[in-house]
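See structure below.
All of these numbers come straight from a predicted model, not from anything done at the bench. Just the heavy atoms: all of them, side chains too, but no hydrogens, waters or symmetry mates, feed the values below. Naming convention: chains lettered A, B, ... in sequence-line order (proteins, then strands); numbering from 1 in each chain.
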Amino acid sequence: MAPVTKKTNGKRSARGVSQSDKKSTKKPRISIDSSDEELELAKNEDAELSSSDEDDLDDLDKGKPEGEKKEEDKEADDLDISDDDEDEDEEKEGKSKSEGGEGGNHTEQRKLLKERKMQRRSGTQVQQIKSVWERLRVKTPPLPKQIREKLSNEIWELSKDCISDLVLKHDASRIVQTLVKYSSKERREQIVDSLKGKFYVLATSAYGKYLLVKLLHYGSRTSRQAIINELHGSLRKLMRHREGAYVVEDLFVLYATHEQKQQMIKEFWGSEYAVFRETHKDLTIQKVCESSVEKRNIIARNLIGTITASVDKGSTGFQILHAAMREYVKIANEKEISEMIELLHEQFAELVHTPEGSDVACTLMAKANAKERKLILKTLKNHGEKLIKNEHGNIVFITILNCVDDTVLVFKSFSPTVKDNLQEFIIDKFGRRPWLYILLGLDGKYFSPIVKNELLRYIELSEATSKKDPLQRRHELLSKFAPMFLSTISKNYAEILTENLGCQFVAEVLINDELYAQLNEKDQQKYQTVLDNILTTFKGDITEETHPIHRAFSTRLLKALIQGGKWNNKERKVEPLKNVQGLGVPFAYKLYDEIIDSSNLLEWINNADSSFTIVALYETLKDQKEGKQFLKDLKEVQSKITSDENNKGSHLLVKLLK
DNA sequence: CTAAATATATGCTA
DNA sequence: TAGCATATATTTAGAA
């Protein structure tokens with residue numbers, strides 16, 4: 001493969017980035033529901049073949065909200081019907097004629113054009129079918145079923161003998177698309193059958209590709225398999241094709257089963273593996289490459305060939321490409337990894353949001369040397385928010401935390417993003433994970449075995465370059481980020497504590513010996529402020545429904561702070577803390593002093609949501625001098641505790657008091 | 001951590 | 001293809 005030239009690289013990456021920025025998580029995909037976008041596309045291509053880059057972008061324009069989409073469909077339809085007989089071909093011709101100076105006799109031109117159309121292969125049929133299609137395709141008002149069926153039968157009768165003449169023309173292809181949409185499964189099979197042998201041509205045709213994707217979408221398992229079988233052997237060629245690449249990506253992402261995906265990827269190893277795919281079924285790439293260096297070299301060359309071509313083409317965001325890259329990085333040697341980083345580094349951010357791409361990014365990150373890591377950090381820092389919030393990007397980010405020794409650089413690169421978004425992060429299912437990692441390490445509570453093993457695998461890979469002790473690295477990060485945690489909580493505690501995930505995070509921050517050990521004097525004060533903030537939220541009348549005591553998670557947080565440790569379910573006891581100051585007895589004392597007192601103590605006991613808090617207070621304070629007042633008040637109201645079956649906390653309290 | 005609850009994928013039947 | 005059942009993965013809740 002020819003090496004990437006600076007010029008193409010720059011251009012492509014620019015396009016790639018704008019693409020992903022506009023359509024955030026949406027992947028390039030060919031639309032199923034709307035055929036009108038396709039017509040738009042057709043117009044453009046007719047008008048100016050060289051503006052293909054633009055067209056590709058149009059083509060990406062998917063995933064609009066349902067309502068919006070309908071609107072546009074309607075509009076386009078109306079417009080379409082009004083000027084349909086003289087479609088865009090005609091207008092074009094008219095223009096070029098008048099430019100040629102032949103004057104503007106429109107009727108004359110129309111006639112000419114009609115004749116020319118008739119002369120095309122199956123021209124008469126096309127015109128005929130088209131008029132039936134006009135009646136079939138209307139969306140408003142919706143056609144009754146019988147009529148729709150009748151019309152679609154009519155079209156089928158007319159078109160079944162010349163179907164292969166239809167599918168490559170931009171207007172006629174749409175007719176077949178509509179036909180597919182409204183046909184029975186038997187007829188869909190028939191259509192697929194009659195197009196056998198043509199799928200490659202379809203995939204590479206500017207108009208045919210839409211039909212092919214519709215066949216995949218509406219087709220049966222066997223139809224899909226038939227199409228895949230036929231495209232097999234040409235996938236590498238298709239990946240380099242302007243239209244074909246989109247079809248292959250769609251096929252891979254949306255329609256192929258797991259097994260079919262494996263098959264498809266194997267083809268990128270080399271044609272040998274595409275042809276004899278049955279015999280190579282359960283082969284993994286590592287096994288083959290271990291068996292022979294020659295084979296490894298051939299496979300590596302084939303893979304990087306496809307990868308380089310696609311990256312140059314600007315398809316860095318394609319999932320199928322990510323899957324190919326994953327195979328490659330599994331077997332790549334040190335030099336090849338470096339070249340890969342060189343090839344990708346500007347577009348690194350386009351990898352990280354798919355499972356396969358994230359795997360590639362993590363592997364590269366782990367295997368990269370210090371200088372290369374710096375380079376990657378530089379590209380990723382501008383995409384921090386998405387990187388951290390995305391399920392897969394998140395893994396990449398944690399891998400960065402796990403393997404980059406230069407924690408100062410890591411902090412510098414991401415601290416602005418973190419500062420702006422931390423409040424969102426900590427209540428986000430994925431966005432909070434990196435911070436929980438910094439606080440607790442790879443705790444099984446927050447990292448499922450699968451995710452954990454994946455992360456451990458990258459750590460293992462990184463051991464060749466990363467020299468720092470993992471715990472030291474994590475503590476360095478903790479000491480840098482902890483003040484940010486505290487100020488974010490202190491500033492937004494009211495909102496954070498209304499969220500389950502927020503409460504959980506706050507608990508992890510506050511009940512954490514490692515964190516407290518990293519705090520300087522000023523930040524320790526900040527820590528105490530946060531404790532006061534939390535007390536503040538529990539002020540007020542607990543008979544109000546909005547009081548935080550009625551939300552299970554904030555109550556649990558409060559209880560944990562009173563107990564001054566986390567509940568260990570295995571040992572069935574609270575784990576005491578060594579470093580942290582201000583939890584347990586002092587916190588309980590403050591709570592009783594400021595929030596609960598003799599005036600509302602009974603209320604707290606007699607409410608099922610808050611009674612366990614009092615139990616916790618009792619257990620913490622019963623043998624302490626700070627608890628004297630509390631115990632005295634408790635004795636006074638003891639007799640007035642109501643006996644409510646549902647209030648297990650008050651029952652327990654009565655039992656304890658005996 | 002564990003058990004239950006829930007979501008997701010896969011296969012079978014009509 | 002729809003609907004259902006079954007297996008499997010992932011998420012959630014949770015003490016007294």
A:Arg556 side-chain N/O to C:dA13 phosphate OP1/OP2 under 4.0 Å =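 Checking C:dA13 against A:Arg556, no side-chain N or O comes under 4.0 Å of OP1 or OP2.
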
Using whole Å, what does the distance between atom [atom2] of nucleotide [N] and atom [atom1] of [X] come to?
X	N	atom1	atom2	result
A:Lys566	B:dC1	NZ	C1'	14 Å
A:Ile562	C:dA15	CD1	P	17 Å
A:Lys445	C:dT11	NZ	C1'	14 Å
A:Leu501	C:dT12	CG	C1'	11 Å
A:Leu442	B:dC1	CG	C1'	16 Å
A:Asn647	C:dA16	CG	C1'	12 Å
A:Arg188	C:dT1	CZ	C1'	9 Å
A:Asp428	C:dT11	CG	P	13 Å

Measure from the side chain of [X], starting at C-beta and using heavy atoms only, and say which of [options] lies closest.
X	options	value
A:Arg572	C:dA16, C:dT1, C:dA13	C:dA16
A:Ile450	C:dT1, C:dA13, C:dA9	C:dA9
A:Lys559	C:dT1, C:dA16, C:dT10	C:dA16
A:Gln563	C:dA15, B:dC1, C:dT1	C:dA15

Have a look at [X] and say if it touches a base, only the backbone sugar-phosphate, or nothing, with a 4.0 Å heavy-atom cut-off.
X	value
A:Tyr446	nothing
A:Lys429	sugar-phosphate
A:Glu391	nothing

task = Begin from the C-alpha positions of A:Asn229 and A:Gln225 and carry the test side chain to side chain donor-acceptor pair (under 3.5 Å) through to its verdict.
result = CA-CA 6 Å; A:Asn229 286 346; A:Gln225 187 66 55; 2.9 Å; yes

Face-to-face stacking of A:Trp567 with C:dA15, centres under 5.5 angstrom, angle under 30° =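 Ring-base stacking flag not set for A:Trp567 and C:dA15.
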
Pair [X] + [Y], salt bridge at N-O below 4.0 Å:
X	Y	value
A:Glu230	A:Lys198	no
A:Asp193	A:Lys196	yes
A:Glu327	A:Lys330	yes

task = List in chain and number order the residues that pass salt bridge (charged side-chain N to carboxylate O under 4.0 Å, His left out) with A:Lys150, two or more places apart in sequence or in another chain; answer none if no residue qualifies.
result =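 If we apply the salt bridge (charged side-chain N to carboxylate O under 4.0 Å, His left out) test to A:Lys150, skipping adjacent residues, the hits are A:Glu154.
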
